[in-house]
Q: 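One structure, pasted below without further comment.
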Amino acid sequence: MNLNLVLAVVAAYLIGSLSFAVITSRLMGLADPRTYGSGNPGATNVLRSGSKAAAIVTLVFDALKGYLPVLAVYLWGQPLGLGVDAAVAVGLAAFLGHLWPVFFKFQGGKGVATAAGVLFALNPLLGVATLASFALIVAFSRFVSLASMVAAAFAPFYQALIWGLGPIVWGTAAMGALLVWRHRANIERLLAGTESKLGAKKNG
């Protein structure tokens, strides 16, 4: 096994384990996002604190922790024997770090922003297509959870249909499956008609 790949994957997981929802809230003197709303340490729940600035900072940094490790592999990985397969593995590691962060008792978020960052790094056009799908569904439904799941489910199909099969397809499919699984409580609320829409103060 390529030792460089192992080190890159571990580093990406540790970067992904930085829960910026919690970190940003602490630095800005806000309540821990795990104690209100959905209890999810993510940008959407941080928005419920009433601080748009904190939510934006959380969103940006959660996306960057998925984007930058993959970009680093693309920029500097070739001499180390790291190619597209490694970039996908690193992206998945960052995503898993967000879901199960070692620094926060393995209690992480749902991974939407981090997955988006990984997608934009792996294939910017795929990122744009996925983001467009997300924005369209949010605009019509106002359900961030629904838009997140649908966009995540469509991402591997976009990649396969437009750019062909390959490691990015399998990587995006794995992230999509995990993201939908992490939204299982949201699915129950959507079916029950109790899921809150964007801007609501309760039920994440």
Q: In residues 86-103, what donor-acceptor pairs under 3.5 Å come from side-chain atoms, sequence neighbours left out?
A:
{"residue": "H98", "atom": "ND1", "partner": "K65", "partner atom": "NZ", "Å": "2.9"}

Q: With sequence neighbours left out, write down each residue that passes salt bridge (charged side-chain N to carboxylate O under 4.0 Å, His left out) with R182, or none if nothing qualifies.
A: none
Q: About how many Å separate CG of L59 and CG of L47, when rounded to the nearest 0.5 Å?
A: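 These two atoms lie 10.0 Å from each other.
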Q: Below 3.5 Å, can you tabulate the donor-acceptor pairs from side chains in residues 151-162 to any protein atom, sequence neighbours excluded?
A:
{"residue": "Y158", "atom": "OH", "partner": "S133", "partner atom": "OG", "Å": "2.6"}
{"residue": "Q159", "atom": "OE1", "partner": "N123", "partner atom": "ND2", "Å": "3.0"}

Q: Working to the nearest 0.5 angstrom, can you tell me the gap between K110 NZ and N186 CG?
A: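 It is 3.5 Å, given to the nearest 0.5 Å.
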Q: Measure the spacing between CG of L119 and OG1 of T130 and express it to the nearest 0.5 Å.
A: 5.0 Å
Q: Distance from R48 atom CZ to N40 atom CG, nearest 0.5 Å?
A: 8.5 Å
Q: Checking D32 now: which residues fulfil side chain to side chain donor-acceptor pair (under 3.5 Å) with it, not counting sequence neighbours?
A: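 Partners of D32 by the side chain to side chain donor-acceptor pair (under 3.5 Å) criterion, ordered by chain and then number, come out as R34.
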Q: Does Y67 have any side-chain contact (heavy atoms from CB on, under 4.5 Å) partners at least two apart in sequence or in another chain, and if so, which?
A: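 Partners of Y67 by the side-chain contact (heavy atoms from CB on, under 4.5 Å) criterion, ordered by chain and then number, come out as L71, F120, A121.
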Q: Would you say that more than 12 heavy atoms from the other residues, nucleotides or ligands in this model lie under 6.0 Å from the CZ of F134, or not?
A: yes
Q: Counting distance only, does the side-chain N/O of S49 pair as donor-acceptor with the main-chain N or O of V46 below 3.5 Å?
A: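 Such a contact is found between S49 side chain and V46 backbone.
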Q: Applying side-chain contact (heavy atoms from CB on, under 4.5 Å), can you list everything that pairs with T24, at least two apart in sequence or on another chain?
A: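 Only F20, M28, A54, V57, T58 meet the side-chain contact (heavy atoms from CB on, under 4.5 Å) criterion with T24.
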Q: Near W76 CH2, under 6.0 Å, is it more than 12 heavy atoms from other residues, nucleotides or ligands?
A: no
